[in-house]
Amino acid sequence: MIRRVSPARSLLGVVELPPDKSIAHRAALLAALADGTSRLVNYSPAADPQSTLSCLRQLGVPIYEDEHGILVVEGRGLEGLQAPDRPLDCGNSGTTMRLLAGILAGQPFDSTLVGDASLSRRPMERIATPLRQMGADLTLTDGHAPIHIRGGRTLRGITYRLPVPSAQVKSCVLLAGLFAEGETTVIEPIPSRDHTERMLGLSVVELNGERYLTVRGGMRIPARTWTIPRDFSAAAFFLVAGTIVPDSEIRLPGVGLNPSRSALLDVLRAMGADITVENERSYGGEPIADLIVRSSTLHGVQVGGAIIPNLIDEIPVLTVAAACATGRTEIRDAAELRVKETDRIAAMAENLQALGARVEVFDDGLAIEGGHRLRGTTVRSFDDHRIAMAMGVAGLVAEGETIIEGAECARISFPGFWEVLDRLAGRPVAV
């Protein structure tokens, strides 16, 4: 699908963002392992969380919507999953594949995890290493999916220090720890998003600047109602768009503001963005609030170090803000972007340069010299939803028309994104 985006005079309105993908994945997985029936309020319709539901159904977990549209998951407990009759298709979802691998490592049956072409390029040795240390028997394909897991192995608890900050690896090991003998401890030298430990109710011990998270094998998971907040990563595109498009004001109600996820707020404010936080409250242990963003003038900043893991998914659209700022923005310590759905450093550099931005590329990031007017041209999504949506934001301020090839991949995390952009810009919404 090709999407054509032209400059917007202003962006005005309220955006009901999609539910948080990260929390939705984890709520579905924990509900499947719970003792009893759980309800998931505001579960995400996006492709990635739906992949998690599809895999769980193949594992024998009854999942359906009730008369109020609430997702009902009949938990099977730690011992109740069933052997799948075919490979489990994780689609484009790295979260589905990595977290589910931790659960399947402790099952009595064999299983295989597969994904689309993009997911099949992402590194999986980072989960295979700790799982093997726990006694799991799994094989990869040149370090990537498909992942073949041989069941019936007795897992043992380990202490594992994360070599790179990764919420997915951390969560994989903690979930495997539910099926292991003894205790499993994950040590985080640099904090990553903390939804899994919050949702499991784990206590966190901080020692010498590191976080220690421990789960006990056989720990039962109670059934409950999970209310999914709205996705901060989806909000990021509108926070940047509302800042760089003149005469704009966008309200984003009910956005999850978990402190391990919302570093973009701090960065944009440091750049001069006008963002107001209102009506702060909490759902299920997760802080949420309403955000209001208004047009402002940005200046370049230095971004790097410990903040990067809490900003990693928002960096593509942050580079668009940097291109519209005055001065130089430098982003370092973000080599993890090289192994996302695509090489996001290379992809954003190529697209921004095509639009006329001045970009310098490093192994672990990039620098953008702002203040140079962007010009519409044809850019690529690289089949990466965040690249596609970031280019949609850039097209709102580029002279002429910006054509985005492969724009349909936005549905992976944000169905209806393009229609929301049209509505905010006061344009007819294409059906």
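Applying the salt bridge (charged side-chain N to carboxylate O under 4.0 Å, His left out) test to pairs two or more places apart or on separate chains, those with a residue in residues 231-250 are Asp231-Arg261, Glu249-Arg294. Within the structure, no pair that satisfies the salt bridge (charged side-chain N to carboxylate O under 4.0 Å, His left out) test touches residues 408-418, not counting sequence neighbours.
Legend: residues meeting side-chain contact (heavy atoms from CB on, under 4.5 Å) with Asn208, ordered by chain and number and at least two apart, are absent. Taking Thr185 as the reference, Thr214 meet the side chain to side chain donor-acceptor pair (under 3.5 Å) condition, with sequence neighbours excluded. Listed by chain and residue number, nothing satisfies the side chain to side chain donor-acceptor pair (under 3.5 Å) test with Arg386 (two or more places apart in sequence, or in another chain). For Asn42, the side chain to side chain donor-acceptor pair (under 3.5 Å) criterion is met by no residue, not counting sequence neighbours. Applying the salt bridge (Lys or Arg N to Asp or Glu O under 4.0 Å) test to Glu280 and every residue at least two apart in sequence or in another chain returns nothing. Qualifying side-chain contact (heavy atoms from CB on, under 4.5 Å) partners for Val205, counting only residues two or more places apart in sequence or in other chains: Tyr212. Contacts of Asp89 classified as salt bridge (Lys or Arg N to Asp or Glu O under 4.0 Å), with partners at least two apart in sequence or in another chain: none. Residues passing the salt bridge (Lys or Arg N to Asp or Glu O under 4.0 Å) test with Asp333: none are found, sequence neighbours excluded.
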Could you pull out all donor-acceptor pairs under 3.5 Å where a side-chain atom in residues 319-330 meets a protein atom, sequence neighbours excluded?
| from | atom 1 | to | atom 2 | distance (Å) |
| --- | --- | --- | --- | --- |
| Thr319 | OG1 | Pro316 | O | 2.6 |
| Thr326 | OG1 | Leu298 | O | 3.3 |
| Arg328 | NE | Glu330 | OE1 | 3.4 |
| Arg328 | NH1 | Glu369 | OE2 | 3.2 |
| Arg328 | NH2 | Glu330 | OE1 | 3.1 |
| Arg328 | NH2 | Glu360 | OE1 | 3.2 |
| Thr329 | OG1 | Val301 | N | 3.3 |
| Glu330 | OE2 | Arg332 | NH1 | 3.4 |

Donor-acceptor pairs are to be reported for all side-chain atoms of residues 96-103 against protein atoms at under 3.5 Å, with residues two or more places apart or in another chain.
| from | atom 1 | to | atom 2 | distance (Å) |
| --- | --- | --- | --- | --- |
| Thr96 | OG1 | Thr52 | OG1 | 2.6 |
| Thr96 | OG1 | Ser93 | OG | 2.7 |
| Arg98 | NH1 | Gln168 | OE1 | 2.5 |
| Arg98 | NH2 | Pro123 | O | 2.6 |

